Number of protein chains: 2
Amino acid sequence: MINEILHGDCLKILKDVPDNHVDLVYLDPPFFSQSDHALKSRKLTEYKFKDTWPSLDAYIDYLGLRLEEIYRVMKRDCAVFVHCDRNASHRIRMLLDQIFGFDRFVSEIIWTYRRWSNSKNSLLGSHQTIFMYSKTENYKFNRIFQDYSESTNLDQILQRRERNQHGKAVYAKDSSGNVVLHGPKKGVPLSDTWDIPYLNPKARERCGYPTQKPLLLLERIVMLASNKDDLILDPFCGSGTTLVAAKLLNRNYIGIDSYSEAVELSRKRIENPIRSDSRLLRTGRATYKNLPREIINILHQLPVKLVQRNRGFDAIHNEFINGKPVVLRVQRKGENLADAAGKLQRAGKTKDAALMILVRTESEGQQQSLFDMFPEDVQVIDSLEVAVQSKMESILHQLRR
Amino acid sequence: MINEILHGDCLKILKDVPDNHVDLVYLDPPFFSQSDHALKSRKLTEYKFKDTWPSLDAYIDYLGLRLEEIYRVMKRDCAVFVHCDRNASHRIRMLLDQIFGFDRFVSEIIWTYRRWSNSKNSLLGSHQTIFMYSKTENYKFNRIFQDYSESTNLDQILQRRERNQHGKAVYAKDSSGNVVLHGPKKGVPLSDTWDIPYLNPKARERCGYPTQKPLLLLERIVMLASNKDDLILDPFCGSGTTLVAAKLLNRNYIGIDSYSEAVELSRKRIENPIRSDSRLLRTGRATYKNLPREIINILHQLPVKLVQRNRGFDAIHNEFINGKPVVLRVQRKGENLADAAGKLQRAGKTKDAALMILVRTESEGQQQSLFDMFPEDVQVIDSLEVAVQSKMESILHQLRR
DNA sequence: TATAGTATTGAATCCGAGC
DNA sequence: CGCTCGGATTCAATACTAT
């Protein structure tokens, strides 16, 4: 039994799998959300599954039986990743403590993401939990490194450290007093909180299955705890993301699901795996911040919301005038004031702005006449720096006389 | 019993607190780390506490007894925040389910941070969990908003949506085909994962207590679930961060700790609370924007050196005029402009300043006449915010006519 | 081809109607 | 008064389109 996707209850199907057989298990069972899930879309097939239970205990019993079977088929160096959310994570971890042992707990992974909503009486839930347990003390684990934090002083990291005669850690110096460098650095070990974007409604990766997980999440798990040609089991495979990750990373897989539509879908996806090429994933969140630091600093003075994705204006004031927005733009370094005003005005018009404010950051001397050419709804305000500069110049001017 | 820090086991001390008495509880009990904590430092006092237990069950029993007492003293609209880490979070939540009820669960808050380490065979643990439970269905909750994601099309968010004849959501247009806007936006509701920097070893906020929590974390909790003059209880107060947060935000507090050193330390911190002004905290995700905008932020706009210890002016410009300094002062909140000018002038005279600049931060309407009374070497410049405000007002004025 | 700007969509949540 | 159900609202992040 290898590279197959099977239809049925995993409890039953796993009985046919021998002991100590698989190298990695990931499971994403129903979360005890006490509601049924369906994705309404205009696609031909509509996928759904039930997640309603007589009681929490019934749910835990259901899951416990299957986890025992999973434990049995795991090899000695196999790890399991159990995906859950806040509804029942504590109960699931109790189960894992029972079946695997308290000391076989390895990590509690937090998957965080941003999403839409309008919660009122509580915080906006935006994480899910993945428990990693191992069958024995020795389990497969490939170290993955991530980038240093932006606030890290990288050139210090590159210096080797040693202890001086008082046992204090100091930067190593060679005989001539120069700092000694380490070799190249790999980055920092992967954290247990993973900020991975939620699969958004427009993603091409989306296949119509309600609780589909991002491929990147599964790829990370597969890389972390398995090697090439290993056998990966997903007993609640749903849309088959785990299997796609396994295939793309040259692992073998067994997928099981009790919904025949899910099995069909997984088989289709395995044939033609789509990896979404999202800009957010490719370049990271930071590249969306296209406003230069100085401009952000100026705008942070004001009660405004920054707008990163519009070329014409940089911010919208928190207060509206008669239901119409007040938009602002900060003059760029080297940018002509009239150009800036023109861009601002064009963009502001499309939003029907009540007022457009251009913050002048460069003193241009005699160019006051240009102001006459400005559309009257664009108002120019000097930045503090320009205002101070002009005061200083006028004092100098007086002194020269 | 109010605004006190008491020494002893909270189980015993809480017996003296009446039923339904406190408005908010935060507790940060030992985490069941099975090790003793001390912070080795060159400070005079070395703080330590034990976190070793005969068994997990013994730990849970210990905590359970105290949580029951806490439940009793909570008002009906009170919420509790229980801080724990991966060692025992699931068992603690089981306790909370028992004592408060499964349905009184409100949020699982994940505090993430970055830290140093070289984890070998697992992910680098970099989060802790805070469970929020309420005593009844109706509990205090103040909505806090955070910035939109960088990848959001903010100017699109401002547009109103409606359904067309096919039931499809589309952007609303008025009769002339222009988009219709919503009112101003506040941002998105605060997420349940909080990225708050760990108190780094060099932070001035650090007081030597091993598991000290960042003030920002506690301030957020206090703001979220209590109001002015409320009574906040921390039965494991440790270094007293909760109490400091309570005091800074004008709440009352009761702190309890079974280590007399901790009680002493808390009392000292309450007398002289230090808020760390780390750059990361200041420029980090903008929940801070609601706080009064600091004078430092304004001055950071300018090529000046800050002067921390002079009553009359706040900064000296990097450029001098004819060998004489240019000094600056920013008007304080609620400070009369003429007073500010007077102080600035007196201080500026002693330095033989070439120019004194007063940055006005409050629009005072008709008080322009006062300018005449100013010494002529004091020049008033409007802060950006004041300038923008006055433009907006003049537009409103025109509209009213 | 690259990018700025517009069109779309879905799951969580709240809220009000109906019973 | 408690329940369910449907509708409205929310925003993150894509696809698409025009330049």
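What you are looking at is a predicted structure, and each value in this text was computed from that prediction instead of being measured.
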Self-check item: Gap between atoms OH and C1', on A/Tyr113 and D/dT10 respectively (whole Å)
Solution: 16 Å
Quiz prompt | side chain to side chain donor-acceptor pair (under 3.5 Å) involving B/Tyr133 - partner list, sequence neighbours excluded | solution = B/Arg93, B/Asp97
Quiz item: Base, sugar-phosphate, or nothing: which does B/Arg143 touch, judged by heavy atoms less than 4.0 Å apart?
Solution: nothing
Quiz item: For B/Asn142, which residues count as a side chain to side chain donor-acceptor pair (under 3.5 Å) partner, sequence neighbours excluded?
Solution: B/Asn227
Self-check item: Interatomic distance, A/Arg204 CZ vs C/dT8 P [rounded to whole Å]
Solution: 17 Å
Quiz item: In whole angstroms, how far is the P atom of C/dT13 from the CG atom of A/Leu123?
Solution: 11 Å
Quiz item: When you measure from the side chain of A/Arg206, which nucleotide among D/dC11, C/dG10, D/dT14 comes out closest?
Solution: C/dG10
Quiz item: A/Leu124 has an atom CG; how far is it from atom P of D/dA12, in whole Å?
Solution: 9 Å
Self-check item: A/Tyr198 side-chain N/O to D/dA12 phosphate OP1/OP2 under 4.0 Å
Solution: no
Quiz item: Tell me, for nucleotides 14-19 of chain C in 5' to 3' order, what letter each nucleotide earns: B for a base near a protein heavy atom under 4.0 Å, S for only sugar-phosphate near one, - for neither?
Solution: SS----
Self-check item: Side-chain (B/Thr136) to main-chain (B/Arg76) donor-acceptor, under 3.5 angstrom
Solution: yes
Quiz item: Expressed in angstrom and rounded to an integer, what is the separation of A/His37 atom NE2 from C/dA12 atom P?
Solution: 7 Å
Practice problem: Please determine, for the side chain of A/Asn200, which listed nucleotide (D/dA13, D/dA12, C/dT13) has the closest atom? | Solution: D/dA13
Self-check item: Rounded distance in Å - CZ (B/Phe145) to C1' (D/dC11)
Solution: 13 Å
Practice problem: Could you tell me whether a side-chain N or O of A/Gln331 sits under 3.5 Å from a main-chain N or O of A/Glu335, the two making a donor and an acceptor? | Solution: yes
Quiz item: Atom CD1 of A/Ile321 and atom CE of B/Met392: how far apart are they, to the nearest 0.5 Å?
Solution: 4.5 Å
Exercise. Could you tell me the separation between the CG atom of A/Leu199 and the P atom of C/dT8, rounded to a whole number of Å?
Key: 21 Å
Quiz item: How about A/Leu124 and B/Asp192: do any of their side-chain heavy atoms sit closer than 4.5 Å?
Solution: no
Practice problem: Look at the side-chain N and O atoms of B/Ser149 and state whether any lies under 4.0 Å from the OP1 or OP2 oxygen of D/dA13. | Solution: yes
Quiz item: Do B/Arg143 and B/Phe145 meet the cation-pi criteria used here (NZ or CZ under 6.0 Å from the six-membered ring centre, within 45° of the axis)?
Solution: no
Quiz item: Separation of A/Lys48 atom NZ from C/dA11 atom P, in whole Å?
Solution: 14 Å
